[in-house]
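Notes for the one structure printed next.
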Number of protein chains: 2
Amino acid sequence: MKEPDFTTSLELLRWIGWAQRKAGEDWIRERDLSHEQSFVLGYLTQNPGAIQRDIAAMTRTSAASVSSLLQGLERRGLVERRADGESARIKRVYATRAGVELISGFDTAMAGTEEVILAPLSPEERATLHDLLTKITSVMPRPTR
Amino acid sequence: MKEPDFTTSLELLRWIGWAQRKAGEDWIRERDLSHEQSFVLGYLTQNPGAIQRDIAAMTRTSAASVSSLLQGLERRGLVERRADGESARIKRVYATRAGVELISGFDTAMAGTEEVILAPLSPEERATLHDLLTKITSVMPRPTR
DNA sequence: CATTGACAGTTAGATGTCTAACGATTAGAG
DNA sequence: CTCTAATCGTTAGACATCTAACTGTCAATG
């Protein structure tokens, strides 16, 4: 009655990624944000005055989706769109003070989940895992956040 | 003393997950699936006859969300819900032939990326990684075979 | 049996997101 | 200057997802 192991490392990684996504979901849901909204809000705190077209490229979505998304954030006062002095067809987007404060806790909250996810591993195993993951990511394109 | 290491394992995992997510996004979008739908469809091919409550636990969402999600998949003929012989209040969910075929293409497409992602590792390192990932995921809600 | 409470699933309503079509503005060529 | 094409952004309509309230079923207790 042995069970053959059909689970590849890739599937395990996907699975962990899913769990992380869900962990972050709890945090952002308490703030009534969607994944996309939190991502864009985080991007705006690091790139104040970005224009919508750049945000669309960054999030790999369309300009229309960014427009809708920003409408939602603006309605809640988390984001501001101001006309540009140079060109009348672009709008520069800024996270408001409230927006910055809301998203600022996200990264630290995510750091707290590390302990939970790595709980089954000994310190030595964690070091080994960290080594292997570093090797893998050393040849990957960097995420934009 | 603090090591000059700015990247935690969690961040590395998130990073890998991000790359995988983006890689799969194009494939999924061509089939008009959402991430959640593809995840559930994949789960159903591995766990035929699962009940909705288990799917909800697995995806960490509510029974209501699963209900809506399955309605969308059922409308497109990718999934089937049949009454259970034992209990009248549960429905067993199955991926249809079309559903299995649709998602199996995803697995093969994703499998191609495994080589790319694990390229920097030797066979021994891959085995070690697989072992560590298995330990991590063993304490997470998992499809029971 | 009858009642009660837990359980599996659905529906209603609100919000978010996506695709397609549509204004509006700018730069460049004639 | 005027026309055209590219660029930036919005709107409309369809679908997906979530929360809260709901129906129907089972099982335990008396």
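Within every chain, numbering begins at 1; the chains are lettered A, B, ... in the order of the sequence lines, protein sequences first and strands thereafter.
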By the 4.0 Å heavy-atom rule, please label [X] as base, sugar-phosphate, or nothing.
X	result
A/Arg75	sugar-phosphate
A/Ala88	sugar-phosphate
B/Ser68	base

Using atom [atom1] of [X] as one end and atom [atom2] of [N] as the other, report the distance to the nearest whole Å.
X	N	atom1	atom2	answer
A/His35	C/dT15	NE2	C1'	15 Å
A/Glu86	C/dT25	CD	P	17 Å
B/Glu74	C/dG9	CD	P	13 Å
B/Gln52	C/dC7	CD	C1'	13 Å
B/Glu36	C/dT17	CD	P	12 Å
B/Leu33	C/dT17	CG	P	19 Å
A/Ile28	C/dG16	CD1	P	12 Å
B/Arg82	C/dG9	CZ	P	15 Å

Handout entry: Under-4.0 Å salt bridge between B/Glu80 and B/Arg75
Key =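 Salt bridge: no.
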
Handout entry: Along DNA chain D, first and last positions that approach a heavy atom of chain A under 4.0 Å
Key =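 In short, chain A contacts DNA chain D from D/dA6 to D/dT19.
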
Backbone N/O of [Y] and side chain of [X]: donor-acceptor pair under 3.5 Å:
X	Y	value
A/Glu125	A/Ser122	yes
A/Thr61	A/Ala57	no
B/Arg126	B/Leu121	yes
B/Asp54	B/Ala50	no

Under 4.0 Å from OP1 or OP2 of [N]: is there any side-chain N or O of [X] that close?
X	N	result
A/Gln37	C/dT15	no
B/Arg29	C/dT17	no
A/Ser65	C/dC18	yes

Problem - Test: A/Arg31 cationic atom under 6.0 Å from A/Trp27 six-membered ring centre, within 45° of axis - result: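 Geometry flag: set, cation within 6.0 Å and 45°.
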
Exercise for the section: Among B/Ser62, B/Ser67, B/Ser68, find the one that has a side-chain hydrogen bond (donor to acceptor under 3.5 Å, both in side chains) with B/Ser65. Expected result: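 Result for side-chain hydrogen bond (donor to acceptor under 3.5 Å, both in side chains) with B/Ser65: B/Ser62.
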
Handout entry: 5' priority, DNA chain D, between A/Ala64 and A/Arg89 [closest heavy atom]
Key =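 Comparing both residues, the 5'-ward one is A/Arg89.
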
Problem - Earlier contact from the 5' end, DNA chain D, for B/Ser62 and B/Arg76 - result: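 The residue closer to the strand's 5' end, by nearest nucleotide, is B/Arg76.
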
